Undergrad: 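One structure, as structure tokens, below. Some questions next.
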Amino acid sequence: MMFSSPTYVYLQVSRKCAACALECYAPPDGASLSQKEAFSLVDLLWEAKVFTVLIDGGEPLLWEGIAELVEYMRRKPMVVGLVSGAEDISQAEALRNANLNMIQFPIEGPEEYHDSIRGEGSFQRTLEAMKTFCDLDIDTHVGTVVTPQNLSYLEATSDIVSQFSVNAHRILRYIHPTDYLGPDQCMDLLSRVYDLKKKGRNIIPNNCYTFLHLTPYKERINKNAFQGCVGGKTSAMITCDGYVVPCPHFASKPLAESIDAPVIWDSDLKTIWKEWDFLNAFRKGLEGCQSCSYCSLCGGCRAAAYRITQSLDLDPGCPLSKK
């Protein structure tokens, strides 16, 4: 499936943040959109019939004018979400008044582990942020980036999240050239998620786990809605440099340049969406998946393949890739 333009776009307003111990898909390099550029991008997205925008970073809450940008989007009206590291929540009231639809904060594990990743005191700041936005009746989500190091903490992390009235606990996939979940670990992870789901936890693996249907979690999939990777099908990302890339895992400037990503200021979004060769190859699924009977449902995580193998061949986390 492919629409004539994305309906859902990640908008990276900056790559400024306090940084953390994990190598991020968008390492902080100080780059940032100007307010004029950001508002102009919103107009371009609306003209292309993009209805949902997730503001990403860096740390969007440190971007000057974030509440005004959200308010401008909501007047279109777009559905607007925001991913934050909970570094600064002084704009919470302003974001509520701007009618922000959703916000997501990170919990990487129990306090000691979380602070070892995101800095001393960050765990308690995140809990405060979660409570603040829940109390403001803003749809609040939690994201956990799972690595080989915190996989065993998943149940304890879920226990922490369950103490708050968050809408969903999203399980994100860490993609790194030398440190990633292999096939057996992915199977273990999704079995754990399935067991937590059976206990009533609102815990959801994201679409980077394209092979969900090969695990016990398949019983929880709406087969009429599950698309596997949605990059290049219904969603894309625009970086703070103006590059259009398939998904957030390509949001660093060097990686965007390595795939010759087009710049939105140079061409309209619909033309990029239709004609960019890399995106057309991306949406077809991985080369090594073409003979797999699950290809149309899954197709593999293209970002994992590219970042780990520098090709669009095989997803190194897929249980079938071992064969």
Side-chain angles (χ1 to χ4, degrees), residues 7-10 25 52-56 79-86 100-109 114 126-127 129-130 133-134 138-147 150-175 180-181 185-231 233-235 237 247-249 294 297-304 315 317-319:
T7 60
Y8 186 112
V9 163
Y10 298 85
Y25 57 73
T52 303
V53 177
L54 186 65
I55 302 174
D56 204 350
V79 175
V80 183
L82 190 151
V83 177
S84 167
L100 177 70
N101 294 99
M102 183 277 283
I103 192 164
Q104 179 174 295
F105 296 109
I107 294 288
E108 311 299 6
H114 181 97
T126 302
L127 297 189
M130 290 161 58
F133 278 82
C134 284
I138 295 174
D139 186 13
T140 303
H141 296 213
V142 170
T144 299
V145 179
V146 181
T147 72
N150 68 345
L151 174 57
S152 62
Y153 297 141
L154 187 60
E155 290 78 10
T157 306
S158 177
D159 290 342
I160 295 166
V161 175
S162 69
Q163 298 173 32
F164 295 83
S165 56
V166 299
N167 183 289
H169 181 192
R170 301 189 178 278
I171 304 303
L172 313 176
R173 186 175 174 189
Y174 187 53
I175 296 171
Y180 57 89
L181 297 176
Q185 290 170 316
C186 284
M187 290 289 281
D188 181 21
L189 166 67
L190 294 168
S191 294
R192 290 168 181 257
V193 171
Y194 177 61
D195 289 341
L196 288 166
K197 195 81 170 176
K198 287 194 294 185
K199 293 179 181 179
R201 300 288 171 83
N202 192 6
I203 185 168
I204 306 167
N206 76 346
N207 277 14
C208 292
Y209 299 96
T210 58
F211 40 80
L212 287 174
H213 55 285
L214 300 176
T215 75
Y217 195 84
K218 65 184 178 183
E219 295 179 19
R220 296 284 176 171
I221 296 174
N222 180 343
K223 293 183 179 178
N224 294 320
F226 180 69
Q227 304 173 47
C229 173
V230 296
K233 297 179 182 178
T234 60
S235 70
M237 180 164 197
C247 79
H249 288 288
Y294 297 108
L297 182 65
C298 172
C301 177
R302 290 72 152 166
D315 180 343
C318 176

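We number each residue from 1, following the sequence as shown. These numbers were taken from a predicted model, which means no experiment stands behind them.
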Undergrad: Apply ring pair (Phe, Tyr, Trp, His ring centres under 6.0 Å) to Y194 and list each qualifying residue two or more places apart in sequence or on a separate chain.
TA: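 With sequence neighbours excluded, Y194 shows a ring pair (Phe, Tyr, Trp, His ring centres under 6.0 Å) to no residue whatsoever.
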Undergrad: Who are the side-chain hydrogen bond (donor to acceptor under 3.5 Å, both in side chains) partners of H249, not counting sequence neighbours?
TA: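 For H249, no residue satisfies side-chain hydrogen bond (donor to acceptor under 3.5 Å, both in side chains) once neighbours in sequence are set aside.
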Undergrad: Less than 4.0 angstrom from a charged side-chain N to a carboxylate O is my criterion; do R192 and D188 meet it?
TA: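 Looking at D188 together with R192, the answer is yes, because their closest N to O distance falls below 4.0 Å.
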Undergrad: Side chain to side chain contact (heavy atoms under 4.5 Å, CB included) for E108 and T144? Distances and angles first, verdict last.
TA: CA-CA 5 Å; E108 311 299 6; T144 299; 4.2 Å; yes
Undergrad: Counting only N and O atoms by type, is there a donor-acceptor contact under 3.5 Å from the side chain of S158 to the main-chain atoms of L154?
TA: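 Not a single qualifying donor-acceptor pair exists.
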Undergrad: For H114, which residues count as a ring pair (Phe, Tyr, Trp, His ring centres under 6.0 Å) partner, sequence neighbours excluded?
TA: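 Expected list: F123.
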Undergrad: Using a 3.5 Å distance criterion without hydrogens, assess whether the side chain of Y209 forms a donor-acceptor pair with backbone atoms of C318.
TA: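 No, because the side chain of Y209 does not come within donor-acceptor range (under 3.5 Å) of the backbone of C318.
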Undergrad: Would you indicate whether Y8, at its atom OH, is surrounded by more than 12 heavy atoms from other residues, nucleotides or ligands within a distance under 6.0 Å?
TA: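 Yes, the 6.0 Å shell around OH holds more than 12 heavy atoms from other groups.
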Undergrad: Less than 4.0 Å between a side-chain N and a carboxylate O, is that true for R201 and D159?
TA: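 Answer for the salt bridge query: yes.
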Undergrad: Using salt bridge (charged side-chain N to carboxylate O under 4.0 Å, His left out) as the criterion, list what pairs up with R170, not counting sequence neighbours.
TA: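 By the salt bridge (charged side-chain N to carboxylate O under 4.0 Å, His left out) rule, R170 matches no residue at all.
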Undergrad: Y180: which residues meet the ring pair (Phe, Tyr, Trp, His ring centres under 6.0 Å) condition with it, sequence neighbours left out?
TA: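 Counting only residues at least two positions away or on another chain, Y180 forms no ring pair (Phe, Tyr, Trp, His ring centres under 6.0 Å).
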Undergrad: Does D139 have any side-chain hydrogen bond (donor to acceptor under 3.5 Å, both in side chains) partners at least two apart in sequence or in another chain, and if so, which?
TA: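 So D139 forms a side-chain hydrogen bond (donor to acceptor under 3.5 Å, both in side chains) with H141, N167.
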